[in-house]
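We count ligands from 1, going down the list as the structure has it; atoms in each ligand are counted the same way. For the numbers below, each heavy atom of this structure counts, side chains included, while hydrogens, waters and symmetry mates do not.
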Amino acid sequence: MDWRVRFVDYPEQWRRQRAELLPIIEDTIARGDLMLRQQLLDFETHLAAFNGSARAVGVSNCTDGLRLLAHALDVGPGDEVVTVSHTFVATISPFVLRGATPVLVDIGPDHLMDTALLADAITERTKVVIPVHLNGRTVDMHAVAKAAASVGAVVLEDAAQALGATFDGRTAGTFGLASTYSFYPAKMLGALGDAGAVLTDDEDLANRLLRLRDHGRVAKAELDGWGYNCRLDNLQAAILDYRLTKLPGWIERRRELARRYDERLRDVPGLEIPVGPDVDPLRRDVYQNYPVTTDDRDGLVEHLRAAGIETLISWPIPLHRQRGLDLDHWNLPHTERLCRRVLSLPMQVELADDQVDLVADRVREFFGAR
Ligand SMILES: *Cc1c(COP(=O)(O)O)cnc(C)c1O
């Protein structure tokens, strides 16, 4: 397929960053700085500062970040973990694999956890509440904090899609005990492979995670408990440290692209688009994705594909409708409806204005809008 607009354009990304990235990669390898070296420490320092968190712990991926947190919090059988079904399976799997029971909450019109439903979902058994800041937009963290506090539950933020997003003036990931990030290549801040991080203001927890990610080591030959191998590769950290310097500009560009889509699509009948970047005074969205919804979703996907425009349906089947996960006792009508109707339009820093215009024109054409 000869795409005119890719959903994510890795070759173009590399073309733009090659001149600056190659010397960084060369230098890191030439020094032999491959595991737990200065580049990782630098990245952790810069990442924590970027987000306004006290500490950052680099890990192998976001899923492993959640796994280490589930271990550190001693989550186990009898514990309930409250989150959504409309998310990546990794939000839930580390807790289920430790024996905890997921409690799934339906979503609101912005595709995020409907916090009005939390009061019914939370019980004395709730150990952890995990708001997922999907698509670069934050969950109502005041409501989450209040509900969790009512039973003394811990809040962990799955901020894999929301680095730099804010709610009520605070960055995502600074509300809960800890937050997890993914640097999977397609994420806003992407590595050239798998990578992730946990951010927290809790020094003891951060130090615990440092040991857990490296076999329980406190020193080269000294262990203080069982642990995992969930280290963030030093080379990936060096790449991420460079890309982090670009992130503020990338976020601005994403917001500009969202504004452009918004101007061109807001009046299309039968199509719902995300909240525009200048609309919600409580939130600064970073547009990891630009999801739109419509009744004839599959028709729109096909229409765009035929025009050479690549789109993405992140989760056509919600977690509670996946065979084999034993979650099918949940009844979440809004989640199911969204999974039938949603698709994401191309949204990446490498998009040119005229590519957005092309996508918008083809979308309008599909709906017969002039
Ligand atoms: C990408 C993603 C993850 C998992 O991240 P990995 O780094 O691939 O483990 C978890 N949650 C959400 C919401 C994600 O989008």
Side-chain angles (χ1 to χ4, degrees), residues 7-8 10 43 47 56-71 81-97 102 104-105 107 110-113 128-139 141 144 155-165 172-173 175-176 178-199 209 212-213 228-233 236-237 239-240 243-244 254 274 285-291 312-320 322 325 335 338-339 342-344 347-348:
F7 189 75
V8 179
Y10 296 123
F43 174 58
L47 179 65
V57 177
V59 289
S60 31
N61 54 65
C62 176
T63 312
D64 280 342
L66 287 161
R67 189 151 72 111
L68 299 188
L69 284 168
H71 181 116
V81 176
V82 176
T83 188
V84 286
S85 179
H86 185 246
T87 184
F88 189 51
V89 65
T91 305
I92 305 179
S93 52
F95 301 90
V96 173
L97 290 170
L104 303 177
V105 176
I107 53 178
D110 60 359
H111 310 187
L112 305 177
M113 174 184 276
V128 182
V129 182
I130 311 179
V132 184
H133 304 306
L134 222 50
N135 302 318
R137 181 176 174 81
T138 46
V139 177
M141 289 309 295
V144 170
V155 175
L156 299 177
E157 295 170 70
D158 182 342
Q161 298 195 3
L163 183 57
F175 292 88
S179 54
T180 56
Y181 296 81
S182 173
F183 308 124
Y184 180 83
K187 300 289 160 84
M188 256 182 335
L189 177 66
L192 295 178
D194 274 317
V198 180
L199 299 192
L209 295 172
L212 281 175
R213 80 168 175 194
Y228 303 84
N229 180 353
C230 295
R231 298 177 298 236
L232 170 57
D233 288 356
Q236 297 297 350
I239 292 162
L240 288 166
R243 289 184 165 177
L244 183 62
R254 281 177 181 274
D285 298 356
V286 292
Y287 297 95
Q288 165 69 56
N289 291 308
Y290 195 84
L312 177 78
I313 302 169
S314 293
W315 304 300
I317 308 172
L319 294 176
H320 71 288
Q322 294 284 351
L325 297 189
T335 297
L338 182 73
C339 289
V342 72
L343 71 148
S344 290
M347 168 56 81
Q348 50 156 337

Polar proximity ligand 1 side, Tyr184 side, N/O cut 3.5 Å exclusive: no

Ligand 1 versus Thr63: contacting region, heavy-atom distance under 4.0 Å: both

Ring pair (Phe, Tyr, Trp, His ring centres under 6.0 Å) evaluation trace for Tyr184 with Phe88: CA-CA 13 Å; Tyr184 180 83; Phe88 189 51; 8.4 Å; no

Minimum-distance protein heavy atom relative to atom 8 (O) of ligand 1: Ser182 OG, 3.9 Å

Nearest-0.5 Å distance, CG of residue Leu112 to CD1 of residue Ile107: 8.0 Å

Under 3.5 Å: N/O of Gln161 near N/O of ligand 1: yes

Side-chain heavy atoms of His133 within contact of Met141, under 4.5 Å: yes

Note, Ile92 side chain near Leu319 side chain (heavy atom, < 4.5 Å): yes

Nearest atoms (heavy-atom pairs only) where Thr83 meets Met113: CA-CE, 3.8 Å

Close N or O approach (Asp194, ligand 1; < 3.5 Å): no

Top protein contact for atom 11 (N) of ligand 1, by heavy-atom distance: Asp158 OD2, 2.8 Å

Nitrogen or oxygen of Cys62 less than 3.5 angstrom from that of ligand 1: yes

Proximity of Thr180 to ligand 1 by residue part, where a heavy atom lies under 4.0 Å: neither

Within-cut-off N or O pair, Thr87 and ligand 1, under 3.5 Å: no

Side-chain heavy atoms of Tyr181 within contact of Leu189, under 4.5 Å: no

